[in-house]
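Here the structure comes first, spelled out in C-alpha cells, and everything after it is commentary.
Everything quoted here is computed from the prediction, not taken from an experiment. The first residue of the sequence shown is numbered 1, and numbering continues consecutively from there.
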Amino acid sequence: GQVIPSNCTDQDIGVGALQGVVFLNTTPGVFLLNSSTGVLTTNISMEYRRVRGYTVVLLCSDTGGLTNTSTVYVTITPPPNYNPLKFSDPFFIFTISRVTPLFDLIGQITTKDERIWAKDVLTYQIENNTYFTINETTGTIQISTSVFDYTCDVMVLKASVTDGVYTNSTLVYIILVANTTAEPSSQAPPSVIPTAPNGTSLHPALSSSPADGIVVPTPSPATKAAITPPTIPSSQTPPSVIPTAPNGTSLHPAPSSSPADGIVVPTPS
C-alpha cells in the first residue's frame with residue numbers, strides 16, 4: 001500500500017513517555033496505522049471513480065495522560081487523461097421525416113459518470129446547428145427549424161456534455177426520410193439522382209403547376225439523349241394516332257392477334 005507519513009512528538013520532558021498514535025475516526029479497512037511511528041498505509045486500491053478522498057482523525061497520547069488529535073486529509077487524484085464522462089453509445093442515430101412538425105422530440109443522448117460519488121449537474125449542448133435544439137439537462141433533442149428542403153439525406157451533429165470540469169463529445173446522425181403527406185407545390189424532397197452509363201444525369205427538371213399544386217416532371221434534353229428507346233421487330237407496328245371520319249367513326253381496322261409475334265393490337269374505345 002501507499003505510505004502516508006504522520007508525526008507525533010512529546011515535547012513535555014519528564015511528564016510521560018510517548019504512548020503512540022491510534023485511529024480516532026476513519027473508514028474501517030481503508031488504512032493501516034503504525035502506532036509507534038504514526039505512518040499510515042493504504043490497505044485497499046485507491047480508485048478515483050469510487051471516492052474522491054478520505055478524512056482520517058488520529059489520536060496521539062503519552063503515558064502522562066496528555067492527548068492531542070490531528071486530522072489527515074487523503075485526496076485521490078485521477079490518472080492522466082482521465083475522463084469519467086462516458087456516453088451510453090459511441091454515437092447516436094435518429095431517423096425522422098422531412099415533414100416532422102416543429103418542436104417534436106426526435107431522440108435523446110445519454111451519458112454515464114464513472115465516478116460513483118459524483119453528484120454534479122451535467123450540461124448538454126449541440127454545436128454549430130440551427131435545425132435542432134437540445135435540453136441542457138436531459139439531453140433530449142427537438143426539431144426547431146424545418147428540414148424539408150435540406151439538401152442532404154443525413155445531417156451530422158456534434159453534441160457535448162460537461163460537468164464544469166470534464167467534457168466529452170459525440171456525433172449524432174439524423175437520417176431524413178421522404179415525407180408521408182402532401183408537399184408544397186414549389187418544393188420536392190431531394191433524392192438520389194440516377195445517371196446513365198456515360199455519366200449523364202437522368203433526373204428530370206421540375207416545374208410546378210400552381211393551378212393544381214402538382215409537380216410535373218419535365219424531361220431535359222440530356223435525359224432524352226441518354227435514354228435509348230427499345231428496338232421494335234420488323235413484324236410489329238407501333239401504335240399510331242387513330243384516324244377518324246368526319247362523323248367521328250373510327251377508321252381503325254378490327255383488332256387481331258398474331259400468335260407468331262405475340263402482339264395484340266389495342267382497339268380504341
Stepwise side-chain hydrogen bond (donor to acceptor under 3.5 Å, both in side chains) check, Ser88 with Thr110: CA-CA 6 Å; Ser88 55; Thr110 54; 2.4 Å; yes

Ring centres under 6.0 angstrom apart (Tyr173, Phe94): no

Backbone of Val177 reached by a side-chain donor or acceptor of Arg98 within 3.5 Å: no

Ser61 side chain vs Leu66 backbone, donor-acceptor pair below 3.5 Å: no

Thr111 vs Tyr124, side-chain hydrogen bond (donor to acceptor under 3.5 Å, both in side chains): CA-CA, chis, key distance, verdict: CA-CA 10 Å; Thr111 58; Tyr124 295 90; 2.9 Å; yes

Ile134, Ile141, Asn135 screened by side-chain contact (heavy atoms from CB on, under 4.5 Å) with Thr138, the one that passes: Asn135

side-chain contact (heavy atoms from CB on, under 4.5 Å), paired with Leu33, selected from Val39, Leu58, Val56: Leu58

Test item: Ser144 side-chain N/O and Tyr131 main-chain N/O as donor-acceptor pair under 3.5 Å: yes

Check: Asp89 side chain, Phe92 main-chain N or O, donor-acceptor pair, under 3.5 Å: no

Gap between atom CG of Leu171 and atom CZ of Phe87 - 0.5 Å precision: 9.5 Å

Near-ring test Phe31/Tyr54, centroid separation under 6.0 angstrom: yes

For Arg52, all residues meeting salt bridge (Lys or Arg N to Asp or Glu O under 4.0 Å), sequence neighbours excluded: none

Side chains of Thr71 and Thr55 in contact at under 4.5 Å (non-hydrogen atoms): yes

Interatomic spacing from CD in Gln142 to CG in Asp104 - rounded to 0.5 Å: 8.5 Å

Leu85 side chain reached by Arg115 side chain, heavy atoms, under 4.5 Å: yes

